[in-house]
Amino acid sequence: MPDPTPDTGLGSFAAVLAGELPGDWTSTYHPRRGGLNVHHVLTDRVWDMNDVAEALAKRNVDHCAVLARHDGTRLFVAEQPGPGEKYLIAAMAPAEVPDEAFSGVREPDGIVVDADPFSAAADVTLDLLPRYYVALAQARGNADELALRQTDPRRVVMTWSDGSLVVDKPDRLDIARVLTENGFTFDPDRDIYVLSGDDTNEQAASARAAGARLSTLGVGVQLRHPQARPALGTAPAAPPPTVASPHRSR
């Protein structure tokens with residue numbers, strides 16, 4: 001049975017929390033360093049634009065803890081400023097994903113929990129981690145597309161998004177001209193070309209026509225469907241494979 005009055009010091013809280021989360025987690029406590037703010041390396045990776053970001057903006061972190069799982073998932077734990085004993089817990093952005101891949105991805109905002117590691121573990125498992133998995137899948141998908149464009153600049157990726165075909169703005173004017181000649185319109189706010197319409201057959205015909213014309217220019221076309229996104233209230237059957245700011249929008 002859990003100790004009904006556990007030690008709620010930050011280091012002890014994080015250690016108990018790590019043992020209550022699903023999977024194999026370790027907890028590393030980062031103590032105060034003589035008043036110097038040397039924890040920015042950790043806070044810079046906090047993936048949040050809500051309560052945790054606001055708290056970190058108001059006060060420098062002088063001690064914190066990081067929970068890490070074997071697949072590279074990391075959680076940041078710190079004391080919440082103000083009265084009462086509460087803790088901030090937020091996911092940390094994976095370092096191996098390029099910054100450009102976070103564009104358009106909603107942050108898996110962190111949570112504020114009471115000083116009870118057992119109830120906090122349930123909140124992390126049912127609330128924070130599912131949002132993290134969704135955001136991470138989107139960022140990885142973006143990274144894959146970035147890598148594809150970098151390794152093969154003569155390829156146009158058309159992605160279905162909310163009933164429209166979307167193409168990132170190409171660097172070449174001749175490619176952009178082919179897109180517009182085949183029904184795509186440029187959206188300057190998002191820097192993309194969009195092929196909208198109510199008839200998917202007509203959209204597909206326009207995409208095929210554009211692809212045929214692009215092929216004469218030596219440009220290939222790849223059609224992609226958006227990645228399935230699990231519901232925020234559910235966790236995937238298994239954690240995602242390994243990948244290994246200031247708290248800012250990515």
Side-chain angles (χ1 to χ4, degrees), residues 8 10 13-14 17-18 20-23 25 27-30 37 39-69 71-143 189-190 227 229-236 239-240 243 245-250:
T8 54
L10 176 58
F13 172 86
L17 176 61
E20 294 299 313
L21 293 175
W25 294 79
S27 175
T28 303
Y29 176 61
H30 298 269
N37 180 24
H39 296 85
H40 62 87
V41 174
L42 299 175
T43 58
D44 282 358
R45 301 308 302 175
V46 170
W47 200 359
D48 183 283
M49 280 293 289
N50 202 347
D51 292 336
V52 177
E54 181 180 359
L56 295 181
K58 291 179 178 178
R59 188 187 72 176
N60 287 335
V61 171
D62 57 10
H63 70 140
C64 59
V66 173
L67 276 55
R69 193 169 60 189
D71 65 351
T73 300
R74 294 191 301 164
L75 300 176
F76 175 86
V77 184
E79 295 173 340
Q80 183 191 35
E85 193 170 21
K86 292 181 180 292
Y87 290 101
L88 306 167
I89 305 178
M92 300 178 70
E96 288 78 5
V97 175
D99 286 345
E100 297 86 348
F102 292 97
S103 177
V105 178
R106 180 175 177 177
E107 295 80 5
D109 292 328
I111 55 178
V112 179
V113 299
D114 292 327
D116 177 355
F118 305 105
S119 64
D123 292 337
V124 170
T125 303
L126 299 176
D127 187 11
L128 174 56
L129 287 178
R131 288 201 304 274
Y132 171 76
Y133 297 144
V134 171
L136 182 60
Q138 294 175 36
R140 284 177 172 166
N142 291 345
D189 293 333
R190 294 186 290 168
Q227 293 183 335
R229 300 178 181 179
L232 294 187
T234 60
V243 282
S245 63
H247 25 278
R248 54 188 170 85
S249 176
R250 291 178 172 272

Identify the two heavy atoms, one from [X] and one from [Y], that lie closest to each other, and give their separation to 0.1 Å.
| X | Y | answer |
| --- | --- | --- |
| A78 | C64 | CB-CB, 4.4 Å |
| L17 | A120 | CD1-C, 4.0 Å |
| L88 | P81 | CD1-CD, 4.3 Å |
| V105 | A101 | CG2-O, 3.7 Å |
| L10 | Y29 | CD2-CE1, 3.9 Å |

Using a 3.5 Å distance criterion without hydrogens, assess whether the side chain of D51 forms a donor-acceptor pair with backbone atoms of I111. no
May I ask you to decide if P94's main-chain N or O and R45's side chain share a donor-acceptor pair within less than 3.5 Å?
yes
TODO: Output, in order, the C-alpha distance, side-chain angles, deciding distance and verdict of side-chain contact (heavy atoms from CB on, under 4.5 Å) for R106 and M49.
DONE: CA-CA 9 Å; R106 180 175 177 177; M49 280 293 289; over 6 Å; no
To the nearest 0.5 Å, atom CG of L129 lies from atom CG of L75 at 6.0 Å
CZ (R131) and CD (E107) are apart, to the nearest 0.5 Å, by 11.0 Å
Margin query: For a 4.5 angstrom cut-off between non-hydrogen side-chain atoms, does W25 reach E20?
Written below: no
Exercise for the section: Taking the side chain as every heavy atom from C-beta outward, state whether H30 and V66 have any pair of such atoms under 4.5 Å apart. Expected result: yes
For V52 and D109, what are the C-alpha separation, side-chain angles and deciding distance, and is it a side-chain contact (heavy atoms from CB on, under 4.5 Å)?
-> CA-CA 8 Å; V52 177; D109 292 328; over 6 Å; no
Side chain to side chain donor-acceptor pair (under 3.5 Å) involving [X] - partner list, sequence neighbours excluded:
| X | answer |
| --- | --- |
| R190 | D187 |
| D114 | K86 |
| Q80 | none |

- Item | Aromatic plane relationship, F13 with Y87 - under 30° parallel, 30 to 60° tilted, over 60° perpendicular | parallel
Given the options L67, I89, D48, V61, F76 meets side chain to side chain contact (heavy atoms under 4.5 Å, CB included) only with V61
Taken in chain and number order and not counting sequence neighbours, the residues that satisfy side chain to side chain contact (heavy atoms under 4.5 Å, CB included) with P22 are T125
Those residues at least two apart in sequence (or on a different chain) that pass side chain to side chain contact (heavy atoms under 4.5 Å, CB included) with A68 are T26, R74
